[in-house]
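Shown next, in structure tokens, is the structure this report addresses.
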Amino acid sequence: MGVTEQKKISLIIPVYNVEKYVRKCLETAVCQTYRNYEIILVDDGSTDCSYQICDEYSRKNGHILLLHKENGGLASAWQCGVEASSGEYIAFLDSDDWVDPDYIKNLASGIELGADIVCCNKVLEYGSHSIVQKERTASGYYSRDILLKQVFPQMLNDGTYLGRRITPHRCGKLFKSSLIKNNIKYCDNKISFGEDLNIVLPCLADCKALLILEDEKGLYHYRQNRSSIARSYKPNMYEQISRLYLCLSRACTEKSGFDFGKQLDADFFCLFFEYVKNETKCAASKAETIKCVTENYQKMQNCISYDTGKCVKLKLSDRLLFFSLNNNIRLGIFIWFALYVAAKWVSREVDWKYLLVRKAKTNNVSGY
């Protein structure tokens with residue numbers, strides 16, 4: 001066993017109603033070339049055959065610890081796995097995704113360099129086609145001094161719409177176990193939108209050294225399911241992003257290592273636009289929905305300290321929405337709703353996320 005493999009790594013896999021996908025996930029998890037690791041499966045009260053499939057694999061493989069709990073949501077499931085973990089480092093894998101055989105081995109290469117967090121590229125899987133999603137920050141090793149000077153100033157927002165320079169996903173990263181365990185206190189299990197950012201940003205804020213791997217093909221395969229909950233209407237989304245903003249603000253204030261205030265405000269502002277787009281799917285009357293949106297816009301403005309509308313670059317269509325919200329022009333918001341819904345209807349057979357990533361790749365821009 002090499003120096004690196006002396007370090008035990010815990011691979012945490014939360015599971016809920018994924019009987020269609022979980023076998024592929026587990027097949028790739030048990031075939032890792034890195035040997036000093038444990039797999040912690042956390043069944044979050046599945047009502048299909050997911051638990052039985054996990055039980056089958058746990059009986060055959062000594063690496064696997066299978067836990068079962070009442071349904072509490074994704075965040076509570078991976079946190080349960082963290083509590084049960086015994087590794088010095090932690091990686092995550094969602095149960096409808098899969099990884100390359102060298103996923104853990106390549107992430108673990110950062111351990112000898114002293115990295116607290118290691119990031120790899122991901123592959124967005126669209127069934128018949130795939131796109132490599134790279135970190136927008138260049139590959140390489142970043143000490144704490146370099147993080148403070150070069151990465152943190154634009155890490156959460158670089159002035160563009162949702163312009164995050166480090167992806168906020170748990171998956172595709174290796175964390176020093178103490179980082180995760182020390183920052184779980186900032187996680188709100190009632191947050192189901194942006195819950196990964198809820199833990200990743202506090203961990204990055206404490207990170208003493210970061211390594212971004214230079215892997216052109218990507219190690220983590222992220223399934224893009226067009227029928228998933230991520231594409232459906234999310235009730236109470238404004239409350240979700242407000243909770244997230246408050247949690248992150250508290251975390252960053254208590255740490256006092258770097259002032260993320262402007263970036264947090266900019267991110268909250270962008271997530272508000274995502275909330276408005278979500279409200280176009282609401283079954284309530286448009287007049288009632290628009291009234292609620294305008295009220296929440298005022299609440300959001302009362303929370304933030306900076307004029308983010310002037311700091312974040314918006315495309316023309318979103319500029320129309322911003323102008324209407326800022327001036328309480330409900331007719332303008334109604335027109336924007338109608339145009340947005342019409343555009344979605346026309347493109348109902350097109351995966352715009354894929355097209356945007358493909359366009360970005362053509363223009364040599366990493367990520368989206």
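More than 12 non-hydrogen atoms from other residues, nucleotides or ligands lie less than 6.0 angstrom from CZ of Phe258. Around atom NZ of Lys315, no more than 12 heavy atoms belonging to other residues, nucleotides or ligands sit under 6.0 Å away. A 6.0 Å sphere centred on CZ of Phe334 holds no more than 12 heavy atoms belonging to other residues, nucleotides or ligands. Counting non-hydrogen atoms of neighbouring residues, nucleotides and ligands closer than 6.0 angstrom, the NZ atom of Lys176 reaches no more than 12 such neighbours. Residue-environment remark: NZ (Lys291) stays at or below the threshold of 12 foreign heavy atoms within 6.0 Å.
Side chain of His63 to backbone of Val30: no donor-acceptor contact under 3.5 angstrom is found. For Asp267 (side chain) and Cys270 (main-chain N/O), no donor-acceptor pair under 3.5 Å exists by modelled atom type. Looking at Asn198, its side chain does come within 3.5 Å of a backbone N or O of Asp188 through a donor-acceptor pair. Listed for the Glu195 side chain is no donor-acceptor partner under 3.5 Å among the backbone atoms of Ala75. Remark: side-chain polar atoms of Trp336 are paired, donor with acceptor, to backbone N or O of Ser317 under 3.5 angstrom. In this structure a side-chain-to-backbone donor-acceptor pair under 3.5 Å is missing from Ser50 to Ser46. Of the possible polar contacts, one joining the Gln32 side chain to the Ile104 backbone as a donor-acceptor pair under 3.5 Å is found. Using a distance-only test at 3.5 Å, with no hydrogens or angles considered, no donor-acceptor pair links the side chain of Ser58 to the main chain of Leu66. Of the possible polar contacts, none joining the Glu279 side chain to the Tyr233 backbone as a donor-acceptor pair under 3.5 Å is found. For Glu19 (side chain) and Asp48 (main-chain N/O), no donor-acceptor pair under 3.5 Å exists by modelled atom type.
A donor and an acceptor atom, one from each side chain of Tyr245 and Asp265, are located under 3.5 Å apart. In this model, a donor atom of one side chain and an acceptor atom of the other lie less than 3.5 Å apart for Glu254 and Tyr186. A donor and an acceptor atom, one from each side chain of Asp102 and Tyr34, are nowhere located under 3.5 Å apart. No hydrogens or angles considered: nothing links the side chains of Asn121 and Gln133 as a donor-acceptor pair under 3.5 Å. Donor-acceptor pairing under 3.5 Å is lacking for the side chains of Ser139 and Lys134. Tyr16 and Asp43 are not linked by any side-chain donor-acceptor pair at a separation below 3.5 angstrom, with hydrogens and angles left out of the test. Between Glu274 and Asn278, the side chains place no donor N or O within less than 3.5 Å of an acceptor N or O (distance only, hydrogens not considered). Between Thr167 and Glu135, the side chains place a donor N or O and an acceptor N or O closer than 3.5 Å (distance only, hydrogens not considered).
Checking Arg223, Arg170, His169 one by one against Asp94, the side chain to side chain donor-acceptor pair (under 3.5 Å) holds for a single residue, Arg170.
For the pair Lys208 and Asp116, the salt-bridge criterion is not met [side-chain N within less than 4.0 Å of a carboxylate O]. Using a cutoff of 4.0 Å between basic side-chain nitrogens and carboxylate oxygens, Asp55 and Arg59 are scored as salt-bridged. Ionic pairing of Arg165 and Asp158 is present here: one or more N-O contacts between side-chain nitrogen and carboxylate oxygen are shorter than 4.0 angstrom. No salt bridge links Lys8 with Glu88; every basic N to acidic carboxylate O contact stays at or beyond 4.0 Å. Salt bridge annotation for Lys105-Asp100: absent, with no cationic side-chain nitrogen under 4.0 angstrom from a carboxylate oxygen. A salt bridge links Lys255 and Asp206; the closest N-O separation between the charged side-chain nitrogens and carboxylate oxygens is under 4.0 Å. Ion pair Glu295/Lys299 not flagged as a salt bridge, since none of the NZ, NE, NH1 or NH2 atoms sits closer than 4.0 Å to an Asp/Glu carboxylate oxygen.
When all heavy atoms of Ser86 and Ser10 are compared, the pair lying nearest together is N-OG, 3.6 Å. Summarising the geometry of Gly172 relative to Tyr103, their closest heavy-atom pair is N-OH, 3.1 Å, with the distance given to 0.1 Å. Across all non-hydrogen atoms, the minimal contact from Arg144 to Leu204 is NH1-O, 4.3 Å. Shown here for Cys80 and Leu67, the closest heavy-atom pair between the two residues is SG-CD1, 4.0 Å. Closest non-hydrogen pair, Ala77 versus Pro14, comes out as CB-CB, 3.7 Å. The two residues Val123 and Gly218 have their closest heavy-atom pair at CG2-CA, 3.9 Å.
Ring orientation note: the planes of Trp98 and His221 are close to parallel, at an angle under 30° on the 30°/60° scale. Relative orientation of the Phe273 and Phe269 rings is tilted, given thresholds of 30° and 60° on the angle between their planes.
Looking at residues two or more places apart in sequence or on another chain, you find a side-chain contact (heavy atoms from CB on, under 4.5 Å) between Arg23 and Ile53, Glu56, Tyr57. Residues that satisfy the side-chain contact (heavy atoms from CB on, under 4.5 Å) test with Lys262, not counting sequence neighbours, are Tyr306. Every side-chain contact (heavy atoms from CB on, under 4.5 Å) that Ser192 has, sequence neighbours left out, goes to Gln240.
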As a quick check of understanding, evaluate side chain to side chain contact (heavy atoms under 4.5 Å, CB included) for Cys282 and Glu288, giving each step before the final call.
CA-CA 10 Å; Cys282 182; Glu288 182 181 340; over 6 Å; no
Assess the residue pair Tyr161 and Asp318 against the criterion (side chain to side chain donor-acceptor pair (under 3.5 Å)); give the C-alpha distance rounded to whole Å, side-chain angles, the decisive distance to 0.1 Å, and a yes or no.
CA-CA 10 Å; Tyr161 186 78; Asp318 287 344; 4.9 Å; no
Run the numbers on Asp97 and Cys25 for side chain to side chain contact (heavy atoms under 4.5 Å, CB included), then give the verdict.
CA-CA 6 Å; Asp97 299 333; Cys25 172; over 6 Å; no
List the steps and the verdict of side chain to side chain contact (heavy atoms under 4.5 Å, CB included) for Cys203 and Val200.
CA-CA 5 Å; Cys203 286; Val200 171; 5.7 Å; no
Begin from the C-alpha positions of Asp96 and Lys24 and carry the test salt bridge (charged side-chain N to carboxylate O under 4.0 Å, His left out) through to its verdict.
CA-CA 8 Å; Asp96 53 352; Lys24 182 169 186 176; over 6 Å; no
Candidate pair Cys119 and Leu210, rule side chain to side chain contact (heavy atoms under 4.5 Å, CB included), full reasoning
CA-CA 8 Å; Cys119 306; Leu210 170 73; 3.8 Å; yes
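Inter-residue side-chain proximity for Leu93 and Ile12 is flagged as unmet; no heavy-atom pair is nearer than 4.5 Å. Ile40 is not listed as a side-chain neighbour of Leu11, based on a closest heavy-atom distance of 4.5 Å or more. Put simply, the side chain of Leu174 reaches to within 4.5 Å of the side chain of Ile111, judged on heavy atoms. Leu201 places a side-chain heavy atom less than 4.5 Å from the side chain of Leu264.
Ring centroid separation for the pair Tyr340 and Phe337 does not come in under the 6.0 Å cut-off. With ring centers used as reference points, Tyr89 lies 6.0 Å or more from Phe175.
The distance from atom CG of Asn236 to atom CZ of Phe193, rounded to the nearest 0.5 Å, is 13.5 Å. In this structure, CD1 on Ile9 lies 12.0 Å from CZ on Arg35, to the nearest 0.5 angstrom.
Residues Val341 and Met237 are members of separate hydrophobic clusters, defined by side-chain heavy-atom contacts under 4.5 angstrom among Ile, Leu, Val, Met, Phe, Trp and Tyr.
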